[in-house]
Amino acid sequence: MEMLTAIRNSALGLSIFAVITSGAIALTQVSTKAQIDINEREARAKALYEIVPKESIDNNLLEDTIAIDAPTLTASTQPIEVFRARRDGQVVTVIIPVTAPDGYTGNINMIVGINADESVAGVRVLAHKETPGLGDKVELKKSSWLHGFDGQRYEGDDDPSWAVKKDGGRFDQFTGATITPRAVVNATARAIHYFREHKTALLETRSDIHSETAGTE
């Protein structure tokens, strides 16, 4: 009898411990996710204005957006926001989110700024899990490598120079890390390709198309 009571008490104690632990984990995940979302929004806003300086445009880049369905850009079925920079009412640059799924250690979330003349305004990496000291040179605070995209033009599938130098292209790779820069180069090309395919809609001057779909792939 005493043994049964001991077993029952132990089981009850373990159950209570499991419930408390599960609750603590769930609470931590919820609170952490909220903070992560805030941090990502702040990082995105900072990166957007790094690509297109606030003083160079006459609209609010964060509010002038259109939603697009482009699963080939982010591997998501959810619409994504494209940001548009204007001067004198004309859209001069669009900034497109894109995910490189083939980073060395997973997805690399980026934004690619593309000017109306199809040149690259800038590329920024928002989140990644690349190897510290190697692949993390895609961060501007670690290296200036991303600036190599500024002003570049991609001539499409017939442009063999749009690749890292190890593959015969124009972009440097990192010492000991080729996979990461190759993934960023390829993802940037996909963003430019999308821009060309949907250029008319993306450069639409109307400001009341916030939630419309610019196009699909």
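It should be emphasised that the depicted structure is a prediction, and the values quoted were computed from it without experimental measurement. Residues: numbered from 1 along the sequence shown.
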- Quick one: does His147's side chain get under 4.5 Å of Leu140's, heavy atoms only? yes
- Message: Working to the nearest 0.5 angstrom, can you tell me the gap between Thr93 OG1 and Ile51 CD1?
- Response: 9.5 Å
- Message: Any heavy-atom pair between the side chains of Glu130 and Ile108 that's under 4.5 Å?
- Response: yes
- Query: Heavy atoms, side chains only, cut-off 4.5 Å: are Val184 and Leu146 in contact?
  - Reply: yes
- Using the test side-chain contact (heavy atoms from CB on, under 4.5 Å), find all partners of Lys142 that sit at least two apart in sequence or belong to another chain. Asp136, Glu139
- With sequence neighbours excluded, what pairs up with Arg44 under the salt bridge (charged side-chain N to carboxylate O under 4.0 Å, His left out) test? none
- With a cut-off of 6.0 Å (strictly less than), are more than 12 heavy atoms of other residues, nucleotides or ligands near CG of Asp117? yes
- Examine distances only and state if a side-chain atom of His193 and a backbone atom of Ala189 form a donor-acceptor pair shorter than 3.5 Å. no
- What's the shortest heavy-atom distance between Phe174 and Gly135, and which atoms? CE1-O, 4.0 Å
- Mind checking what makes side-chain contact (heavy atoms from CB on, under 4.5 Å) contact with Pro79, not counting sequence neighbours? Ala67, Asp69
- Would Arg86 and Asp58 count as a salt bridge (charged side-chain N to carboxylate O under 4.0 Å, His left out) if you check the C-alpha gap in whole Å, the side-chain angles of each, and the deciding distance to 0.1 Å? CA-CA 6 Å; Arg86 298 171 186 260; Asp58 51 26; over 6 Å; no
- Item | Under the salt bridge (charged side-chain N to carboxylate O under 4.0 Å, His left out) test, residues paired with Glu155 that sit two or more places apart | none
- Partners passing ring-ring contact (aromatic ring centres under 6.0 Å, His included) against Phe149 (at least two apart in sequence or in another chain): Trp145, Phe171
- Query: salt bridge (charged side-chain N to carboxylate O under 4.0 Å, His left out) with Asp167: which residues, sequence neighbours excluded?
  - Reply: Arg182
- Task: Compare every heavy atom of Ile111 with every heavy atom of Ala47, then report the nearest pair and how far apart it is.
- Result: CB-CD1, 3.7 Å
- All salt bridge (charged side-chain N to carboxylate O under 4.0 Å, His left out) counterparts of Asp172, not counting sequence neighbours: Lys165
- Message: Using 0.5 Å steps for rounding, measure from the OG1 atom of Thr74 to the CD1 atom of Ile96.
- Response: 11.5 Å
- Item | Check: Ser119 side chain, Asn115 main-chain N or O, donor-acceptor pair, under 3.5 Å | no
- Item | Derivation and outcome, salt bridge (charged side-chain N to carboxylate O under 4.0 Å, His left out), residues Glu118 and Lys199 | CA-CA 9 Å; Glu118 301 184 1; Lys199 186 173 180 177; 3.3 Å; yes
- Query: Among all residues two or more places apart in sequence or in another chain, which pass the side-chain hydrogen bond (donor to acceptor under 3.5 Å, both in side chains) test with Ser143?
  - Reply: none
- Message: Among residues at least two apart in sequence or on other chains, which ones pass side-chain hydrogen bond (donor to acceptor under 3.5 Å, both in side chains) with Thr99?
- Response: Asn109
- Note on the structure: Contacts of Lys129 meeting side-chain contact (heavy atoms from CB on, under 4.5 Å) (sequence neighbours excluded), chain-then-number -> Thr105
- List for me each residue that meets side-chain contact (heavy atoms from CB on, under 4.5 Å) alongside Arg170, sequence neighbours excluded, and say none if there are none. Gln152, Asp159, Ser161, Trp162
- Here the ring-ring contact (aromatic ring centres under 6.0 Å, His included) pairs for residues 83-135, sequence neighbours left out, are none
- Got Leu73 and Ile68 here, is their nearest side-chain heavy-atom distance under 4.5 Å? yes
- Item | Lys/Arg-Asp/Glu bridge criterion (N-O < 4.0 Å) met for Glu50, Arg124 | yes
- Evaluate the side-chain proximity of Val82 to Leu202: yes if any heavy-atom separation is below 4.5 Å, no if none is. yes
